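One structure below.
Just so we're on the same page: letters track the sequence lines, and every chain starts at 1. Computed over heavy atoms, backbone and side chain alike; hydrogens, waters and symmetry mates excluded. Here the structure is a predicted model, which means the values were calculated and not measured.
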Amino acid sequence: MEFSFSSSASKIVHSTAFTSLESGDIIMLAVACLLIYLAIWKKFEPLLLLPMGFGCLLANIPMSMMASTDTGGLLNFFYQGIKHEILPPLIFMGVGALTDFGPLLANPITLLLGAAAQIGVYMTLIGAVYLGFNMQEASAIGIIGGADGPTSIFLASKLAPHLLAPIAVAAYSYMSLVPLIQPPIMKLLTTEEERKIKMEQLKPISQTVKIIFPVAVTIVCCLMLPGVTPLLGMLMLGNMFRESGVTARLHETAETHLINIVTILLALAVGSSMTADSFLRLETLKIIALGLLAFSFATAGGVIFGKIMCKLSGGKINPLIGSAGVSAVPMAARVSQKVGADTDPSNFLLMHAMGPNVAGVIGSAVAAGVFLSLFGDAGSGIDTHAALAPIIGTPEPGMQALATIVEAIKK
Amino acid sequence: MEFSFSSSASKIVHSTAFTSLESGDIIMLAVACLLIYLAIWKKFEPLLLLPMGFGCLLANIPMSMMASTDTGGLLNFFYQGIKHEILPPLIFMGVGALTDFGPLLANPITLLLGAAAQIGVYMTLIGAVYLGFNMQEASAIGIIGGADGPTSIFLASKLAPHLLAPIAVAAYSYMSLVPLIQPPIMKLLTTEEERKIKMEQLKPISQTVKIIFPVAVTIVCCLMLPGVTPLLGMLMLGNMFRESGVTARLHETAETHLINIVTILLALAVGSSMTADSFLRLETLKIIALGLLAFSFATAGGVIFGKIMCKLSGGKINPLIGSAGVSAVPMAARVSQKVGADTDPSNFLLMHAMGPNVAGVIGSAVAAGVFLSLFGDAGSGIDTHAALAPIIGTPEPGMQALATIVEAIKK
Amino acid sequence: MEFSFSSSASKIVHSTAFTSLESGDIIMLAVACLLIYLAIWKKFEPLLLLPMGFGCLLANIPMSMMASTDTGGLLNFFYQGIKHEILPPLIFMGVGALTDFGPLLANPITLLLGAAAQIGVYMTLIGAVYLGFNMQEASAIGIIGGADGPTSIFLASKLAPHLLAPIAVAAYSYMSLVPLIQPPIMKLLTTEEERKIKMEQLKPISQTVKIIFPVAVTIVCCLMLPGVTPLLGMLMLGNMFRESGVTARLHETAETHLINIVTILLALAVGSSMTADSFLRLETLKIIALGLLAFSFATAGGVIFGKIMCKLSGGKINPLIGSAGVSAVPMAARVSQKVGADTDPSNFLLMHAMGPNVAGVIGSAVAAGVFLSLFGDAGSGIDTHAALAPIIGTPEPGMQALATIVEAIKK
Amino acid sequence: MEASVSAAVNVSILAMSVIFTVLVILIFTIKALVKLIPYEAPPPARKVSSSRPPGQDDQVAAITATLAAHMGKRPDEFRIINIQSR
Amino acid sequence: MEASVSAAVNVSILAMSVIFTVLVILIFTIKALVKLIPYEAPPPARKVSSSRPPGQDDQVAAITATLAAHMGKRPDEFRIINIQSR
Amino acid sequence: MEASVSAAVNVSILAMSVIFTVLVILIFTIKALVKLIPYEAPPPARKVSSSRPPGQDDQVAAITATLAAHMGKRPDEFRIINIQSR
Ligand code: NA
Ligand code: NA
Ligand code: NA
């Protein structure tokens, strides 16, 4: 090798990213900065959007080998955790460790509000199919209306991995916008009398019930929808750590450092999939529009079902808690509280809204399970080899060499 | 693809786990609930049995892809950490960080009690061979008597991976039963006079000795039994973090969040190997019976050797501390204390029993090392490829295709 | 299999490490003890040298399968994290979370001191080439002068993996010796008047600037030197977690348990590469000598450039802060403070020296980026397969079998 | 296009039915649980989500002891209720 | 040998130039940033790098309350400035 | 069967011998160590297993300072011995 001054200088100049910087990269760098801006100054789900935006920034520096598709690159390694559906269930374990299902247990009927809010998922599914997405893609887009980041990422990586980036961005962005999107819809669909309804205090729940609940959910829901077991089972395991009272160590780790580590890896990996190729397409705009539709319909679905339950219960249920059924814990519950308090400052709906709020998490997971039953291939184990191929390489070169020999023998 | 209402409905019905739920699965779900019950309400090693039971629950939901053998499934990924013997050494690092070898250093002769308690391992080995297990299997079963979860899992995954599930369950269950199993045996084998013996206060130990000790153990034991280096070496590294006084950060992480994370992964993975196929067999019952035998003989071995040492020392050693030689830190030491105090409330044996107690950890590791020297194949590196095959797939399909071509050429 | 007493005994004796203990192993065990001694009693970067020394200890017990080259062994798994350049960037994320770039932002001109100190890198590069190393090796050796462990490990694993062990040892050892190496050089090159210069108080910096800074560094530096993105980008991400004010959870994890876990894995893996084969060679001595050269020249370069800046600024800059440009945060800054206070006890240089100190981290990363631009192959993705081959095995055995068939057909 | 939209509508109706079915079963499970195991006054010592309670005890003890020692009062004359560490 | 040493010298000169170029660009970037966004009195509540502030608040509150309760003074008569937890 | 049981007995005797051998060597190693490096009054500042000692120091300082400030006594008139954080 020669290292003359001029040849070296030319090598350095050619190895700068400027030489291969394209307009798409520049736009994506701007998108990354926008995400970081929204995370920090607008407080849009900063724990996810900040590292996601930074991952996008790194991935779009040409020749940095940081895109999720750059085999052997750092973020490609983290991305395997999404591709193989390892990271979202671990996040859900932490979410379970952080979640108190008490209000739901005190008022189990609110599970129906968590079900009703899933209507947003299906309105979006229909819209997505209408806009030309196939059924798998439409399912992954629809689940944005479930307002659960890990569920969306889990389903997208399984049914439509090429749409992961816009789906994740839409899911987390709209989740942050819940306080803006929901109130007008809630006010439009309810009367002032309804909003003023005060609910009875929740009855206390035995600790034993709280401990048995995660096992019961796992058995009931996962037996019916086995595809969602990684997600729902780990959610319930985390909750078990919390409620059992005998695993304080594991509970503390699951809800702090473990979920934090996994969040960093997951968000960087999602960000690294936001390359110009995969993100700057018409589909992204469609997905972002459909995501807004999904959230609006989910809110409306929850509120309308809340009105029905209000009627049926003889006015005991304030329909405002229905909007919390979208999940987005605990923001959506706070929105219910705030809209209620706007009408009557002495009305405290927060704890009542926590029931449908955590029900929404279960509801979306169940919705994801239905999609997996319909469109997921049961023998997904077979996919693993292909999925790992980018890391471990394929045996093809050797194969081809041998094939050449075989050819030679033929002659 | 068609998505008519009836075909979709039929698809969903067929994808529920009910369609392939067999009686074995139901029994295993009940076993899982039993483990969870024992963990929470009977406080049987809850940090391990709770996630282990939950892993068993998830693994036995048909079509959930959560069994350790489901390639590409979530718990299959965690299971690789057992198969490749990564997780047990990391747990042992945390155990080392949590262990104070001071009492052992103050009274090194108690190491012999940790050796004597290993007799349980060998009585069980002989029993297991008598019941028809081969030597490798019998070794893995015998080590249950060592009363060390990670050591049992490490050895089982190396010598008899198909028996991992019952061995792990037996090891942790009996460890929890130490306060029930040991006292009658201890009282049977000792006289009241012996139980009343008060021991001299332990002499203080220089911090320098505490720092050098882990290095000395590593060099002495691992040179003689190199197979046990991953386990014993990491135990000693963790202890080094603790005693060195210059690595407080690493010590804190090793004894808290790192061991917690690894415990979650390990216990889930062990639980996921408890499928009907591997667990509902006659062998499991034999192993559970042999495990009880192992613990009882280990306790007896320790106490009897304690009596010998009592004689030889002219009555300075209370034989009750011998039972602590089974390890099961710190429970077995507390049992010694309690049985001693039952006879004479002014007799404090706890710190004296901590010596044989931690000696038992080293003793079992050494016993495992002997088994590895005898039955482990030195060239275990070769196994790695086969072991990873379930994740990365085998090149066979392509191979076979080529072989077909070759066949074709032949003709 | 026979298990007669004598054959078993002979098997055990032959499986002890003594049978294959060679003089090289013994020397390496002594080296390991030396590193542990330096870590604990001399406080040489104990967080790294203690586990590194312990890793070396484990790796050099024959037949323990703990060397970095023992496929399927525990430390070989950790070593993959170095080989694939995953661990150093994660450490750098933690470093970023721990670093306050405020003093640098208050006095950005001190970045030049961080640049000037890199002269040590290049004097060493020239020296290394003169001693017969090739350009890639010389680059990896030279970066020792950058006084950044993770950067050295990152570059060595990329350009000269066979020299990783001595380079890592030299980097961390000399970093610890900064308080011994630097002061005589600093005093030699400065006059008493210069050392007495008092610097103006640093002006405060807007939090917004602190937040934008990591993004700016990433875009500016990584676009020019894309090879260094994993390192510099992750450093800046960690700093973003710190400064953004909205990701306190991630910041806490990154700067405590995550960096601690990664440090344990990294240091053990580096230690496991210190085998007799790779370490007991003339090159190691050369590297250790060159490392000392590197640190001395880096110090001198910083101080001399400090003198120039002192002149140009009309005596406003104390040249002693130049030596802090080697990085080794925060030790080198403390040395500047101490040497300054030795001359005039009322002179407080610490905060002023923190500017060049953190600039040195960026400077070394940039220097590494230049080397990667010159000598790193852009298509390093292709290497991944070869790199993973030791774990996953090669398909060659099957291939060869088939080739044999092909041979047979030929005839 | 129209065919696929109608398929989507079919899927949606079906899926919403499944979701309601599953969650209704869950509601009845919960109701049964709550009925079978009614709430009783909880064991006062069980504070589930508290992290590192031993440290807390030690801290309370240390502060109490210091105050007591310094002011010449008996420790049981006053009480530190809670130092919540998270 | 000599050829490679001269190559090394070439590489060194070049690399130092690149380093200075990159860092000078960075200096100007920083100067521009600092000029564009001047320092203002910071929002007093934002303590960026403090870990677990809630715990701290609780501890301060608990200690304050204990002292106040014990000595019969109002809590706002004295103040615990800081319990730095790391 | 019988052959394998007798093999198991052989293995057991052998293994117990090895275990005792190894541990006896370890005992003598420890005894030598303890004899070579006798116990001395430990350096009082070195509290090995305490996690985050700086935090502790700060906490002790803060509590001490508060007490002192509030009661108008000098901080060195009293001493907080220990706040064990684990
Ligand atoms: Na939801
Ligand atoms: Na034991
Ligand atoms: Na540097």
Side-chain angles (χ1 to χ4, degrees), chain A residues 1 3 8 11-18 20-21 29 32-33 36 39-41 43 46-47 50-51 54-55 57-58 61-66 70-78 253 256-261 263-264 267-268 388 390-395 397-399 401-402 405-406 409, chain C residues 84-86 89-90 93 134-135 211 214-215 218-219 222-230 233-234 236-237 240-241 244-247 249-250 252-254 256-258 261 370 372-376 378 380-389 391-392 394-396 398-399 402-403 406 409-410:
Chain A
M1 266 194 276
F3 291 100
S8 295
K11 190 161 186 190
I12 283 189
V13 168
H14 281 95
S15 69
T16 65
F18 295 113
S20 53
L21 192 70
L29 291 177
C33 291
I36 294 172
I40 299 178
W41 281 280
K43 305 234 177 344
L47 295 177
L50 178 59
F54 214 92
L57 186 73
L58 298 177
I61 290 171
M63 304 163 71
S64 69
M65 296 289 292
M66 294 289 263
D70 288 328
T71 306
L74 180 69
L75 299 188
N76 175 266
F77 277 106
F78 299 172
T253 292
T256 59
H257 294 289
L258 180 52
I259 192 176
N260 293 351
I261 291 172
T263 299
I264 293 172
L268 278 174
L388 270 172
I391 328 182
I392 61 160
T394 52
M399 283 295 187
L402 207 54
I405 299 174
V406 172
I409 304 167
Chain C
H84 298 297
E85 295 139 23
I86 297 171
L90 285 175
M93 183 169 74
N134 70 31
M135 209 61 111
I211 295 173
V215 175
T218 305
I219 293 179
C222 298
L223 274 182
M224 285 192 272
L225 300 162
V228 82
T229 308
M234 294 299 276
M236 290 300 141
L237 174 63
M240 200 74 165
F241 288 156
S244 73
V246 292
T247 51
R249 284 180 72 107
L250 306 184
E252 196 193 338
T253 293
T256 60
H257 294 289
L258 180 52
I261 291 172
V370 175
L372 289 172
S373 292
L374 283 170
F375 311 123
S380 65
I382 295 160
D383 287 332
T384 337
H385 185 201
L388 271 172
I391 329 181
I392 61 162
T394 52
E396 279 183 346
M399 283 296 188
L402 207 54
V406 171
I409 304 168
K410 263 185 177 167

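When all heavy atoms of C:Pro226 and A:Thr16 are compared, the closest pair comes out as CD-CA, 4.0 Å. Scanning both residues, C:Val246 and A:Leu47, for their nearest heavy atoms gives O-CD2, 4.0 Å. In terms of heavy-atom proximity, C:Arg249 sits nearest to A:Asn260 at NE-OD1, 2.9 Å. In this structure, C:Gly233 and A:Leu58 approach most closely via the heavy-atom pair CA-CD2, 3.7 Å. Contact record, C:Ser373 with A:Ser15: CB-OG, 3.0 Å, taken as the closest heavy-atom pair. Minimum interatomic distance between C:Pro230 and A:Met66 (heavy atoms only, all atoms of both residues): CA-CE, 3.6 Å.
Using a 4.5 Å heavy-atom cutoff, the side chains of A:Leu50 and C:Leu250 are not in contact. Here the side chains of A:Ile12 and C:Leu374 are in contact, with some heavy-atom distance below 4.5 Å. By the 4.5 Å heavy-atom criterion applied to side chains, C:Thr218 and A:Ile61 are counted as neighbours. Counting heavy atoms from C-beta outward, C:Thr253 and A:Thr256 have side chains that stay 4.5 Å or more apart. Taking 4.5 Å as the limit, some side-chain heavy atom of C:Leu223 sits within range of a side-chain heavy atom of A:Pro62.
Chosen from A:Leu74, A:Leu21, A:Ile36, the residue pairing most often with chain C at heavy-atom distances under 4.5 Å is A:Leu74. Interface remark: of the candidates C:Met234, C:Met93, C:Met224, C:Met224 forms the most heavy-atom pairs closer than 4.5 Å to chain A.
With a threshold of 4.5 angstrom between heavy atoms, A:Leu57 approaches chain C through side-chain atoms but not through N, CA, C or O. Only the side chain of C:Pro89 comes within contact range of chain A, with at least one heavy atom under 4.5 Å from a heavy atom of that chain. Contacts of A:Phe54 with chain C are made by side-chain atoms alone, with heavy-atom separations under 4.5 Å and no backbone atom involved. For A:Ala32, no part lies under 4.5 angstrom from a heavy atom of chain C. With a 4.5 Å cut-off on non-hydrogen atoms, C:Ile86 touches chain A through its backbone and its side chain both. Proximity to chain C (any heavy atom under 4.5 Å) is shown, for A:Ile261, by both the backbone and the side chain. Both the backbone and the side chain of C:Met236 come within contact range of chain A, judged by heavy atoms closer than 4.5 Å.
Classification of the A:His257-C:His257 ring pair by plane angle, with boundaries at 30° and 60°, yields perpendicular.
Between the CE atom of A:Met63 and the SG atom of C:Cys222 there is a distance of 13.0 Å, given to the nearest 0.5 Å. With rounding to the nearest 0.5 Å, the separation of NE2 in C:His84 from CG in A:Asn76 is 11.0 Å.
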